[in-house]
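Worksheet: the structure to be examined is printed underneath.
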Amino acid sequence: MQVFVYKNAEEVARAAATVFAAEIFKKPDCVLGLATGSTPVPLYKELARMNHEGLIDFSRVRTYNLDEYVGLDPAHVCSYRRFMNENLFDHINIDKANTHVPCGIGADHEADAKAYDAAVEAAGGIDLQLLGIGHNGHIGFNEPNDVFVYPTNVITLTQSTIDANARFFDSADDVPRQAISLGVGGIMNARRVVLLATGEGKAKAIRDSIKGNIDPKVPASILRAHQNVQFFLDEGAASLL
Ligand code: PGA
């Protein structure tokens with residue numbers, strides 16, 4: 001594991017963007033694992049800028065997002081499909097047919113979750129997985145648990161996550177209680193993982209992930225068993241290391 005500390009969120013975004021650009025340059029049809037939330041937004045802006053300037057070409061890139069809320073239509077203003085379109089896909093030359101977000105409105109979520117893992121595998125696996133981290137140490141929507149859950153699965157969100165994500169909704173009551181998330185296995189199978197964390201609010205989760213034991217109560221701690229993982233932190237997120 002490597003840990004890089006930058007002055008602020010903008011510098012984190014610029015550094016992470018170079019990693020994504022290099023991956024796309026090396027393998028133009030690479031498979032990117034993408035994330036939602038506030039943290040990756042500056043990275044997505046930087047990637048869009050680089051795309052406009054002709055520095056990176058997304059025309060053959062394929063993407064698989066980590067997660068989606070159960071019950072939200074892709075067009076819903078808070079769905080992760082819509083988030084990805086508005087924050088990245090609408091601003092780069094990617095073929096939307098090559099972008100994938102778990103379906104939260106299917107008739108059989110368990111079957112959809114299984115199919116998502118199969119689709120990632122059929123695509124050749126994830127070359128570069130982007131992660132944020134929850135205040136409780138979650139990655140994707142893999143919440144603190146007694147065991148690591150490896151396949152993509154339906155997750156019941158913890159109160160901490162509901163409270164953290166309430167800012168995107170009219171109220172905490174409107175936050176869906178469940179989500180479909182790529183499992184810990186899907187994340188660990190990625191050939192390379194880049195985790196971004198910015199702000200002091202993430203300092204405890206980062207410290208517990210990097211300094212504590214590998215423990216399903218801190219899901220991101222499993223990344224220490226990954227062969228090729230980098231944490232890109234700002235000074236706030238690194239402040240307890
Ligand atoms: P955030 O979410 O980037 O909005 O803080 C990260 C996460 O919950 O994984």
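In listed order, ligands and their atoms are each counted from 1.
- With hydrogens and angles disregarded, no donor-acceptor distance shorter than 3.5 Å links the side chain of Asn87 to the backbone of Val41.
- The closest donor-acceptor contact from the side chain of Glu68 to the backbone of Val101 lies at 3.5 Å or more, if one exists at all.
- By the 4.0 Å N-to-carboxylate-O rule, Asp146 lies close enough to Lys217 to be salt-bridged with it.
- Using a 4.0 Å cut-off between a side-chain N of Lys or Arg and a carboxylate O of Asp or Glu, Lys27 and Glu23 do not qualify as a salt bridge.
- Closest to atom 8 (O) of ligand 1, if we only count protein heavy atoms, is His138 NE2, 2.6 Å.
- Near Arg167, with a cut-off below 4.0 Å to any heavy atom, the atoms of ligand 1 are 4 (O).
- Ranking the protein heavy atoms by distance from atom 6 (C) of ligand 1 puts Ile133 O, 3.5 Å first.
- Contact between His135 and ligand 1 is absent, with no heavy atom of the residue lying under 4.0 Å from the ligand.
- Set against the non-hydrogen atoms of Gly37, the atoms of ligand 1 under 4.0 Å away are 3 (O), 4 (O).
- Close approach to Gly132 involves these atoms of ligand 1, each under 4.0 Å from a residue heavy atom: 9 (O).
- Nearest protein heavy-atom neighbour of atom 5 (O) of ligand 1: Lys202 NZ, 2.6 Å.
- Using a 4.0 Å cut-off between charged side-chain N and carboxylate O, Asp90 and Lys96 make a salt bridge.
- Arg14 and Glu10 are not joined by a salt bridge, as no carboxylate oxygen comes within less than 4.0 angstrom of a charged side-chain nitrogen.
- Between Thr39 and ligand 1, a contact under 3.5 Å exists for at least one N or O pair.
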